[in-house]
Amino acid sequence: MNASLQARSWLRCLVAAITSLFVTHAYAQESPWETIARYPGDIDAAMVLDRAAERVLLNDSGLDIRSTFTSLGLFAETDRAWSALAETFGINSDQAIEALFSGRVVIMWDHIDELGINPLGLLSTADTGWVLSAEVTDSFVRQVRRKIKPVPRRIHAGKPVYAIEHGRFHLAVIDAKDTARASGGALMIVASKRGAQLVNRVIDSMLPDAAAPAPSRLAIQAAAMNPKLRDGWVAAAAVAVDDMIDATDIKPERQPVATMVVWAGDSGWDLSIKSDAEASSSDNAAPVGLLGAVGGDALLAVANAGPISISSDSFSFDIGFMLERADPNQGQNQPTQSTGSLMLISDDSSPVMTVMSSVQCAPESYAQTVDAYFENALADPATAEGPSFQGKFPSAIRTHLLDDQTPEAAGGWLDDKVQVSWISGISQGEPQVIFAFGPKGTPTSNRVRWLNEAARKLQAIPGHATNPAILSQGFARPQKLSPLLLGNTPGVIAGILDAVDHVRWEIRKAQFGLSAEIGWHWSADGGAGILGRRD
């Protein structure tokens, strides 16, 4: 009898172990969108991390990235709070990462609509308004309960929600036997003070006897845009875009979502960004064929379906990119049509920026219009006079040296002597201008001639690799661009550029809206000096 009971006991254990193995494996194969669907359906944003501790956060590249963010002051509040939380658990920061990020983790945000599309506001919310739900081991749950001295704040659905670190965090634990999740593992829910209102809804969504959460718009639309992800993703996020855009810009029946999926390797990351926000129906095409012909070893090469605008003065210049042409009814300063634009920064000892773009003018007066623009833009600050070519000999390349003698003139790449060359013409029936600028003595006219000749040769070939679906394509070498564009200026942007060796991207129209593929490789030496500061 005892032997029979013992045999049945072992059999039950074996069946349970096999069942647990298959269920856990099935959960590991679950898409991030299926994971998000298990949580409250009305959250504004969610990110799913899959075994991020070993794959990103605790390896060499992950340590460098964390150091980068810390040096730049990004997520500073989370970094300080995480250290305090780990200390409360009786472990260090890396041990806390290993305990909480070794399985599947969901980080959620609510009320991001209150901040609009302000990037700094979004970073602030990401830094201070999160709720984290992590798969943890039973042993870690026991350790936490033994180490901390929580103060119960409230009871929700039979689960105590604790306040720890003087109320900076809210903590709840759902034991393995109580969770409705497929893997059956314990869950630890940690929320920042700003994210505490979401904790109750997260607990409700995880309990077996709770009502099923409302259908998740984030999960449904994210899955439609990403029906099958290639293996190896480490992070996937979905954001309710309409919560960040003025309601007047969105049709009532549309509630667009944006997704991001990350694949992380030792030397770099690949990103896929998609949105079902309504895209323009314009048939403009980025000149990707020309980009391939002249890009070479440029520091920056960008082909756009829309025009590029550049404004400058004695102290700075601003570059604007348009993925699509503007509506000609919006004003006289907008281009009426565009067959695309191209911008290059050449990799010379004294780099030259070369631009091909469209202009707003009638074909019969394009040369005069372009010359008048440069006459005004390059006017001497002392005399208000600029180069006056008046549209004569339109096929000739014009060159002008802007010699600013004012003591406030900016130093760096362009210094106080800027050389500019340009030519205007008609490309496929559209007024167009090619111009280049750089420091005095640089080959600006040669760059204009080279790009002009390459464009004409390619335009003579029918269908010369223009793709109406591609809105932007290009590559950049940020570490080399950083001293060129920013000089010795410290700060967040300089630090980010220093940390990345090269980036490639492509933005295109998709059946559901927009799709972007981005890949970048980290700098092997981690950048020049301390990130965010130049030695």
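As the structure is a prediction and not an experimental result, all values here were calculated from the model.
Side-chain contact between L229 and W33: present, with at least one pair of heavy atoms (C-beta onward) separated by less than 4.5 Å. Residues D270 and E517 fail the side-chain proximity criterion, which asks for heavy atoms closer than 4.5 Å. Looking at heavy atoms from C-beta onward, D42 lies in side-chain contact with R201 at the 4.5 angstrom threshold. Within the 4.5 Å cutoff, the side chain of V199 has heavy atoms near those of the R154 side chain. Here the side chains of F475 and V503 are not in contact, with every heavy-atom distance at 4.5 Å or above. Considering only heavy atoms from C-beta on, D110 stays 4.5 Å or farther from Q197 through its side chain. Within the 4.5 Å cutoff, no side-chain heavy atoms of V136 are placed close to those of V144. Counting heavy atoms from C-beta on, the side chains of R38 and V106 never come closer than 4.5 Å.
Side-chain N or O atoms of E135 include one that pairs as donor or acceptor with a backbone N or O of R104 at under 3.5 Å. Listed for the S192 side chain is a donor-acceptor partner under 3.5 Å among the backbone atoms of W130. W263 places a side-chain N or O within 3.5 Å of a backbone atom of R230 that can act as its donor or acceptor partner. Judged by distance alone, the side chain of D175 and the main-chain N or O of K177 form no donor-acceptor pair under 3.5 Å. When atom types are taken as modelled, the side chain of T259 and the backbone of A238 share no donor-acceptor pair closer than 3.5 angstrom.
Atom CD1 of I43 is separated from atom CG of L218 by 5.5 Å, given to the nearest 0.5 angstrom. Between the CG atom in L300 and the CD1 atom in I345 there is a gap of 5.0 Å [rounded to 0.5 Å]. S275 OG to Q221 CD: the interatomic distance, rounded to the nearest 0.5 Å, is 9.0 Å. One distance of note links CD1 of I507 with CD1 of I518; it measures 6.5 Å at 0.5 Å rounding. Annotation: the span from L132 atom CG to L49 atom CG amounts to 8.0 Å, rounded to 0.5 Å. Taking CE of M188 as the reference point, atom CG of L100 lies at 6.5 Å (rounded to 0.5 Å).
Contact check on D297 versus K480 returns no salt bridge, with no Lys/Arg side-chain nitrogen under 4.0 Å from an Asp/Glu carboxylate oxygen. We find that R55 and D50 are joined by a salt bridge, their nearest charged nitrogen and carboxylate oxygen being less than 4.0 Å apart.
Minimum heavy-atom separation, Q95 to N92: N-OD1, 2.7 Å.
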Evaluation steps, side chain to side chain contact (heavy atoms under 4.5 Å, CB included), between W233 and V48: CA-CA 10 Å; W233 63 271; V48 182; 4.0 Å; yes
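H156 pairs by the ring-ring contact (aromatic ring centres under 6.0 Å, His included) definition with nothing, not counting sequence neighbours. Here F89 pairs with F140 under the ring-ring contact (aromatic ring centres under 6.0 Å, His included) rule; sequence neighbours left out. Residues that satisfy the side-chain contact (heavy atoms from CB on, under 4.5 Å) test with A469, not counting sequence neighbours, are N467, R508.
No more than 12 heavy atoms of other residues, nucleotides or ligands sit less than 6.0 Å from atom CD of E87. Annotation for E98: atom CD does not count as buried by contact number, only 12 or fewer foreign heavy atoms lying within 6.0 Å.
Taking the six-membered ring where the residue is Trp, W520 and W269 present tilted rings, their angle falling between 30° and 60°.
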